[in-house]
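In what follows, chains are A, B, ... by sequence order, proteins preceding strands, each numbered from 1.
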2 protein chains.
Amino acid sequence: MAPKSKATITDVARAAGVSTATAGRVLGGYGYTSDDKKEQVLKAAQKLGYRPNALARSLITGKTRTIGVVAGDIQNPFYASVLRGISNVAEANGFGLLITNSDESQSKEVHSVELLAQKQVDGLIVTPSDTRKARHLHNLRGMGVPLVLIDRAVAGLMVDRVATDNIAAAEQAVRYLIAAGHRRIGIVAELVDQENDGLDGFLARAVAGDPIESETLYPSWQRLLGYVRAHRIEGLPVDPRLTIRAGGYSASAAQAALPRLMKVPGPPTALFTTDGTMSEGAMRGLSELKLSIPQDLSIICFDDLDWMSFHRPGITTIAQPRLAMGEAAARMLLERIHGEDYPPRTVLMPAELIERGSVAPL
Amino acid sequence: MAPKSKATITDVARAAGVSTATAGRVLGGYGYTSDDKKEQVLKAAQKLGYRPNALARSLITGKTRTIGVVAGDIQNPFYASVLRGISNVAEANGFGLLITNSDESQSKEVHSVELLAQKQVDGLIVTPSDTRKARHLHNLRGMGVPLVLIDRAVAGLMVDRVATDNIAAAEQAVRYLIAAGHRRIGIVAELVDQENDGLDGFLARAVAGDPIESETLYPSWQRLLGYVRAHRIEGLPVDPRLTIRAGGYSASAAQAALPRLMKVPGPPTALFTTDGTMSEGAMRGLSELKLSIPQDLSIICFDDLDWMSFHRPGITTIAQPRLAMGEAAARMLLERIHGEDYPPRTVLMPAELIERGSVAPL
DNA sequence: AATCAATTAGAGAACGTTCTCACATATGAG
DNA sequence: CTCATATGTGAGAACGTTCTCTAATTGATT
């Protein structure tokens, strides 16, 4: 009963009195086999506790039925949901999932990609940590490894991609605040360094309505752009003192930003936070400052986190379809793995505004 | 510059004018090689964009430097943190991570384990979905595959294990409530079916102080046991009507349980929830019933979720060291993989009570 | 009766590494 | 000088599968 140690296909073949080729055919389910031989082999395999060695199989077929994922941080609810989505379709198609964290560091990402490539994954899903240069990703493409990007694009890298329509979503959120009567609206965004002319320059160009290459912007910059556009559309000025750059992907960075924001002369009456982490930090900061929502400050967040529904008041937010994003990315990748050859596709998923109680009319 | 397609070690050897054996030695970093040959090989490898094929290497060495993980649900913050912990030490040791979800279903778990075993992982970390029977896990042990259990034990399966000291932690939480003057304390726990005599029988035995085989209890039953022990120690009766079985691992199950609990004649003045999911559901339920914390009901939770710190009031809770649990499990597994041969170890990690504002004195 | 296609089965190569062995060449001790 | 030991190299086996070939058998169709 207890399969002592690992039996190979040769062991099974010997036990069944057939050639390894025949045993391989019935066990691997390819080619022709007669019913009686099939039965013998199956019986022998059962008895020996045979388990196919996927390594050997993959070595010769060139397929591992494994996809590699480079996420920012599994622990972050955004990535956790996206991963779950990926996992759902991977599992449904018999694919395994090799997962790594980049912590938004390019060097860790390069390292991860190298690891996954060596393990011969059939394809990769990556949230690139640098949207400007990514030689390792270009290399992958050059070697024909299927690749799908999530959440961000890379300049000049023509591959499938799925992301939220950040600009539209942010614009919608801010216009919602404006419609409620708010005129001084703060924004807390991570806005990590971008190769361009800094926050001030960016704001100036955005406010002036200059064309901006928005595709390869980091999501937080895209959402800032949506913020500015909403102001433009509604004919409101943008006060740069209300645009706070947290400068890091951490809740504590956002938390630290909040006192700065509220100290501005003519402080904001409403706040827009550009992602889950910023939202959490902002909530921490508000709690620390003993400010009440929405009496002291209205707030609209980005990304619908679990607690937002039962928080008092409920938090009005822009919900990204995180699970669906993961699923879409995985599906696109599988299509590529199966050899489909369309031109690169970009799937921009719509976000949904969920009204709860954190925005009060002014 | 651009590595066209995949170069093998044979290609590199040919380009460098040496044997594949020599090329293998310098590229694989084993055996002796002279400095000049080393340089030639390295240069050739560089030029061809050589990337070692981990499959071929693993096939012959018998090691994949990959560990498999079967988690309940990556999306759940508990598993997400544990996974991050595992990922941290795996990555630090050059190991990859193959991750699957079981959704607490035994059949999915069996399927996952089979997949991972076929992919020849060097070891497995599992949160077993059934603590009674687990033939697939016993089989693994029989075949000598290193295995570490997280969060739960399996009857008769002597392997390394890391978990929270649930009984002690729950006891501490409930005694904290009792010390605050509460006498009628509700508990919302998932309490999925156990092969024993049901909730009533279990309670009767626990209240009577009968010995209970607690090692292989599901965590929620262990925490219920801690709840009962706290009552016993403090000389308080246990009212079975206040022990609510959600019957499922979902927030909505807990949410649905709340009205039932509050409808009991002589309703509770305080509530203990036995994990993050139950806590979230309970918060939803409270929000729905328009009950205020801690005026209408004091609450102490299990597992410290992000929102608990900035919720108003702050939520008093038992914090499990989730990250450290994952790290500990991964470290133990790596030791086994490296051949260490102690008797099976059980690491019970202490939980910490974090006082915030959700418990009011009665 | 001859031909063809479909089915069945085995021998042995192939996948890309590492491992074992045999054989050189140095180096140093006695 | 001789022996042992360390260093360096290549030929070819091995890992456990799938793939390619060849060949034999069957059954139906001309």
Side-chain angles (χ1 to χ4, degrees), chain A residues 3 5-42 44-45 48-66 114-115 117-122 143 145, chain B residues 3 5-42 44-45 48-66 114-115 117-122 143 145:
Chain A
S5 63
K6 28 208 81 185
T8 75
I9 212 169
T10 319
D11 300 330
V12 174
R14 185 168 27 227
V18 300
S19 69
T20 63
T22 300
R25 274 188 279 259
V26 13
L27 263 13
Y30 52 91
Y32 294 110
T33 37
S34 64
D35 289 348
D36 53 340
K37 298 253 174 190
K38 188 177 290 185
E39 197 184 338
Q40 290 170 50
V41 171
L42 253 22
L48 296 178
Y50 170 73
R51 170 147 48 212
N53 184 328
L55 255 40
R57 175 175 299 173
S58 294
L59 182 57
I60 190 160
T61 60
K63 267 96 184 46
T64 52
R65 291 190 85 78
T66 303
E114 181 60 29
L115 178 83
Q118 289 192 5
K119 290 195 189 295
Q120 311 294 122
V121 294
D122 291 336
M143 310 196 61
V145 181
Chain B
S5 64
K6 27 208 81 185
T8 75
I9 212 169
T10 318
D11 300 330
V12 174
R14 185 169 25 228
V18 300
S19 68
T20 64
T22 299
R25 274 188 279 258
V26 12
L27 262 13
Y30 52 91
Y32 296 109
T33 37
S34 63
D35 290 349
D36 53 340
K37 298 251 175 192
K38 188 176 293 184
E39 198 184 338
Q40 290 170 49
V41 171
L42 253 23
L48 296 178
Y50 170 72
R51 171 148 47 211
N53 183 327
L55 255 41
R57 175 176 298 173
S58 293
L59 182 58
I60 190 161
T61 60
K63 268 99 184 43
T64 52
R65 292 190 86 76
T66 303
E114 182 60 28
L115 178 82
Q118 290 191 4
K119 290 194 188 295
Q120 311 295 120
V121 294
D122 290 338
M143 310 196 62
V145 180

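- Here the P atom of nucleotide C:dT17 and the NZ atom of B:Lys6 are 11 Å apart, to the nearest Å.
- To the nearest angstrom, P of C:dG10 lies 14 Å from CZ of A:Arg14.
- For A:Ser19, a side-chain nitrogen or oxygen approaches OP1 or OP2 of C:dG10 to under 4.0 Å.
- What separates CD of A:Gln118 from P of C:dG16 is a distance of 15 Å, to the nearest Å.
- Within residues 32-41 of chain B, the residues having any heavy atom under 4.0 Å from DNA chain D are, by residue number, B:Tyr32, B:Thr33, B:Ser34, B:Lys37.
- Interatomic distance, A:Arg57 CZ to B:Leu55 CG, rounded to the nearest 0.5 Å: 12.5 Å.
- Whole-Å rounding puts the B:Arg25 CZ to C:dT20 P distance at 12 Å.
- In terms of phosphate contacts, A:Tyr50 brings a side-chain nitrogen or oxygen within less than 4.0 Å of OP1 or OP2 of D:dT17.
- Residues B:Asp11 and B:Tyr50 have side chains not in contact (no heavy-atom distance under 4.5 Å, counting atoms from C-beta outward).
- Proximity note for A:Thr8 (side chain, C-beta onward) versus D:dG16, D:dG10, C:dA9: the nearest is D:dG16.
- Under 3.5 Å, the side chain of B:Arg51 and the base of C:dG16 form no donor-acceptor pair of N or O atoms.
- Remark: the backbone N or O of A:Lys63 is not paired with any side-chain donor or acceptor of A:Asp122 at under 3.5 angstrom.
- Atom CG of A:Asn53 is separated from atom CG of B:Leu59 by 6.0 Å, given to the nearest 0.5 angstrom.
- At whole-Å resolution of the value, OH in A:Tyr30 and C1' in D:dG16 are 11 Å apart.
- With contacts defined as side-chain heavy-atom distances shorter than 4.5 Å, the pair B:Leu42/B:Leu27 qualifies.
- Of all nucleotides listed (D:dT17, D:dT9, D:dT20), D:dT17 comes nearest to the side chain of A:Ile9.
- Using a 4.0 Å cutoff on non-hydrogen atoms, the parts of residues 52-62 of chain B near DNA chain D are B:Leu59, B:Ile60, ordered by number.
- Annotation: side chain of B:Lys6 is not in contact with side chain of B:Arg51 (no heavy-atom distance under 4.5 Å).
- Using a 4.5 Å heavy-atom threshold, the side chains of A:Ser58 and A:Gln120 count as separate.
- No side-chain donor from either of A:Lys119 and A:Thr64 sits under 3.5 Å from a side-chain acceptor of the other.
- Taking the side chain as every heavy atom from C-beta outward, B:Val41 and B:Val18 approach each other to under 4.5 Å.
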